[in-house]
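Remember, it's a predicted structure, so these values are computed and weren't measured experimentally.
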Amino acid sequence: MLTLHLAERSPQAAVLVDGASVAAVGPYEELAAAEPRARVRRWPGILTPGLLNPYGPELLEATYHPDPREADEFGTEPIAGARAREILRADPARLGASARRGVQRMLAHGTVAVAGELRSRTAADAVRRAGLAVGRRPDRLPGPAALSPVPLILLPALAPGGPARFAVFDVADRAELVRRGAGTCVATVIGGRLVYRGR
């Protein structure tokens, strides 16, 4: 089934998806005229190739992402450092579920690829099952691990025949995305599937 993704602030960069691949990239009007039966998904903001988060190990193996049912004990925000090590050491089985929740948080921040060597099988499985690409880690990491790292690392432009992997951010342009960060994500698509929808 063909799906045409259009973001309000980037109508010249609409994406036509066929299964798990990009069928075409171009102006919305042209793509809609060429494939009038395609299902149309409209989003606010801009459509981008998505983000590479270079902090895979730090966010998925060294950070504990609490289950919502643990909010009374641990809160709802990710826990890093000595407290995370203590939680994971007390119950190593928590790592798999935490990594899966961490991947969901990454998807909610427009992440479509991760980098860094994942040493635990459970974290690597969470990445693989979500369909996240694994990229090369930059030689120098700019700052602390974050779901919205600074600077943001956008993947190369989408191209016909390539994987349907991208993210949409509710911002006016890339400058605003850089200023406001990846928390502005409203949709993430991996393998042609909508894996995160913020609204």
Side-chain angles (χ1 to χ4, degrees), residues 1-56 59 65 76-78 101-115 127 130-135 138 142-143 146-199:
M1 175 181 198
L2 293 173
T3 305
L4 181 53
H5 292 266
L6 164 69
E8 293 171 355
R9 299 292 190 132
S10 56
Q12 299 303 308
V15 178
L16 183 65
V17 173
D18 185 2
S21 300
V22 173
V25 179
Y28 168 74
E29 298 298 336
E30 289 178 17
L31 298 182
E35 295 293 347
R37 293 188 181 180
R39 178 175 72 182
V40 177
R41 287 196 180 270
R42 297 177 186 276
W43 306 105
I46 63 170
L47 193 148
T48 74
L51 302 175
L52 167 76
N53 191 310
Y55 298 105
L59 292 173
H65 299 272
T76 58
E77 294 302 309
R101 290 188 295 270
V103 163
Q104 291 303 312
R105 286 178 184 236
M106 290 175 126
L107 295 174
H109 284 78
T111 298
V112 298
V114 296
V127 165
L132 288 167
V134 177
L147 292 165
S148 182
V150 176
L152 296 175
I153 303 170
L154 282 170
L155 292 182
L158 298 170
R165 180 186 305 132
F166 53 90
V168 182
F169 297 90
D170 190 5
V171 293
D173 53 31
R174 286 190 178 190
E176 185 179 355
L177 172 58
V178 168
R179 192 170 63 256
R180 293 183 51 205
T184 57
C185 181
V186 293
T188 304
V189 172
I190 293 180
R193 295 178 304 113
L194 184 62
V195 294
Y196 170 74
R197 181 177 185 151
R199 52 173 87 177

Within 6.0 Å of CZ in Arg9, more than 12 heavy atoms from elsewhere:
no
For [X] against [Y], the heavy-atom pair lying closest together:
X	Y	result
Val103	Leu132	CG1-CD1, 4.0 Å
Leu47	Ala13	CD2-O, 4.1 Å
Thr111	Ile190	O-CD1, 4.3 Å
Leu31	Ala14	CD1-O, 3.6 Å
Leu194	Ala187	CD1-CB, 4.0 Å
Ala7	Val168	CB-CG1, 4.2 Å

Could you tell me if the side chain of [Y] sits less than 4.5 Å from the side chain of [X], heavy atoms only?
X	Y	value
Thr3	Val189	no
Met106	Val114	yes
Pro49	Phe166	no

Arg41 vs Arg197, side chain to side chain contact (heavy atoms under 4.5 Å, CB included): CA-CA, chis, key distance, verdict:
CA-CA 11 Å; Arg41 287 196 180 270; Arg197 181 177 185 151; 3.3 Å; yes
Hey, what do you get for [atom1] ([X]) to [atom2] ([Y]), rounding to the nearest 0.5 Å?
X	Y	atom1	atom2	result
Phe169	His109	CZ	NE2	9.5 Å
Leu51	Leu155	CG	CG	7.5 Å
Arg37	Met1	CZ	CE	12.0 Å
Leu16	Leu6	CG	CG	12.0 Å

Quiz item: Which is it for Leu154 and Arg174 under the side chain to side chain contact (heavy atoms under 4.5 Å, CB included) test, yes or no, and what are the steps along the way?
Solution: CA-CA 10 Å; Leu154 282 170; Arg174 286 190 178 190; 3.4 Å; yes
Could you tell me whether a side-chain N or O of [X] sits under 3.5 Å from a main-chain N or O of [Y], the two making a donor and an acceptor?
X	Y	answer
Ser148	Ala182	yes
Ser21	Asp18	no
Thr188	Leu107	yes
His65	Leu59	yes
Thr48	Ala167	yes
Asn53	Ala146	yes

Sorted by chain and residue number, the side chain to side chain donor-acceptor pair (under 3.5 Å) partners of Arg42 (sequence neighbours excluded) come out as Tyr28
Please enumerate all residues that pass salt bridge (charged side-chain N to carboxylate O under 4.0 Å, His left out) together with Glu29, with sequence neighbours excluded.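 Result, salt bridge (charged side-chain N to carboxylate O under 4.0 Å, His left out) vs Glu29: none returned.
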